[in-house]
Enquirer: 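Structure provided below as structure tokens; questions to follow.
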Amino acid sequence: MGEGTSRVKEGNGTASAAPERAPREIERDIEHLRTRLDRSLAELDRRRHELTNVKLQMRKHPAVFIGAGAVVVLLLGGVGFAIYRSRKREEIPQKAKRLRIAIGRAVDEPHKVARGDAPVWEKIVAAVGTTIAVSLTKKIIERTWNQSRPPKTA
């Protein structure tokens, strides 16, 4: 395998010095190649069955399965904990506690509560972005409108 095609010459594909071979010899070569191919296919089939046999893979590679199981358990645990926390945050005492903390922060540092006017660069970026978005939207609407209307006939 991987040795290249046997008895093929470089160039225009003709074997100038190769003598004619007897049909029995050609048949023998074909039979030999078929046997090799059958063995290779049988080996590939055996490996495929071995690879898809989960019990065998668990016996051969227990650490991989333990690691994969641990990852799955951690992911499910994380999702479960996130659901638990989100439900806990919606309870009235938790909301009241967060509100009390927020009001305390606002009283301690009122200058951090609300931001003043936006900087000039931010206003310019917003104006340019809005202009581009409006222009693109107009063009898309015009193209769609022109494509959906049938052409006028005189």
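Nothing here was measured: the structure is a model prediction, and the numbers come from that model. Side chains are part of it too, since the values below use all heavy atoms of this structure and drop only hydrogens, waters and symmetry mates.
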Enquirer: Would you please name every residue forming a side chain to side chain contact (heavy atoms under 4.5 Å, CB included) with Thr35, sequence neighbours left out?
Expert: Glu31, Arg39

Enquirer: Let me confirm one number: the CG-CD distance from Asn53 to Gln57, rounded to the nearest 0.5 Å.
Expert: 7.5 Å

Enquirer: Test of understanding: with side-chain hydrogen bond (donor to acceptor under 3.5 Å, both in side chains), list the residues that count as partners of Lys60, not counting sequence neighbours.
Expert: Glu50

Enquirer: For a quick test of your reading: what N or O donor-acceptor pairs under 3.5 Å do the side chains of residues 119-142 make, sequence neighbours left out?
Expert:
unit_1 : atom_1 : unit_2 : atom_2 : d
Glu122 : OE2    : Arg115 : NH2    : 2.8
Thr130 : OG1    : Ala126 : O      : 2.7
Thr131 : OG1    : Ala127 : O      : 2.8
Thr137 : OG1    : Ala133 : O      : 2.7

Enquirer: Just jot down the side chain to side chain contact (heavy atoms under 4.5 Å, CB included) partners of Leu75, sequence neighbours excluded, or say none.
Expert: Val71

Enquirer: Restricting to side chain to side chain contact (heavy atoms under 4.5 Å, CB included), what partner residues turn up for Val54, sequence neighbours left out?
Expert: Met58, Phe65

Enquirer: Side-chain atoms of residues 81-106: list all donor-acceptor pairs with protein atoms under 3.5 Å, sequence neighbours left out, distances to 0.1 Å.
Expert:
unit_1 : atom_1 : unit_2 : atom_2 : d
Ser86  : OG     : Ala82  : O      : 3.4
Ser86  : OG     : Ile83  : O      : 2.9
Arg98  : NH1    : Arg89  : O      : 3.2

Enquirer: According to salt bridge (Lys or Arg N to Asp or Glu O under 4.0 Å), does anything in residues 125-137 pair up with another residue at least two apart or in another chain? List the pairs.
Expert: none

Enquirer: Run through the side-chain heavy atoms of Ile, Leu, Val, Met, Phe, Trp and Tyr, join any pair under 4.5 Å, and report what else lands in Ile30's cluster.
Expert: Ile26

Enquirer: Go through the structure and list residues passing side chain to side chain contact (heavy atoms under 4.5 Å, CB included) with Leu74, not counting sequence neighbours.
Expert: none

Enquirer: I'd like to check the salt bridge (charged side-chain N to carboxylate O under 4.0 Å, His left out) partners of Asp117; sequence neighbours left out, ordered by chain and number.
Expert: none

Enquirer: Would you mind checking if Glu43 and Arg46 are paired as a salt bridge, meaning a charged N to carboxylate O distance below 4.0 Å?
Expert: yes

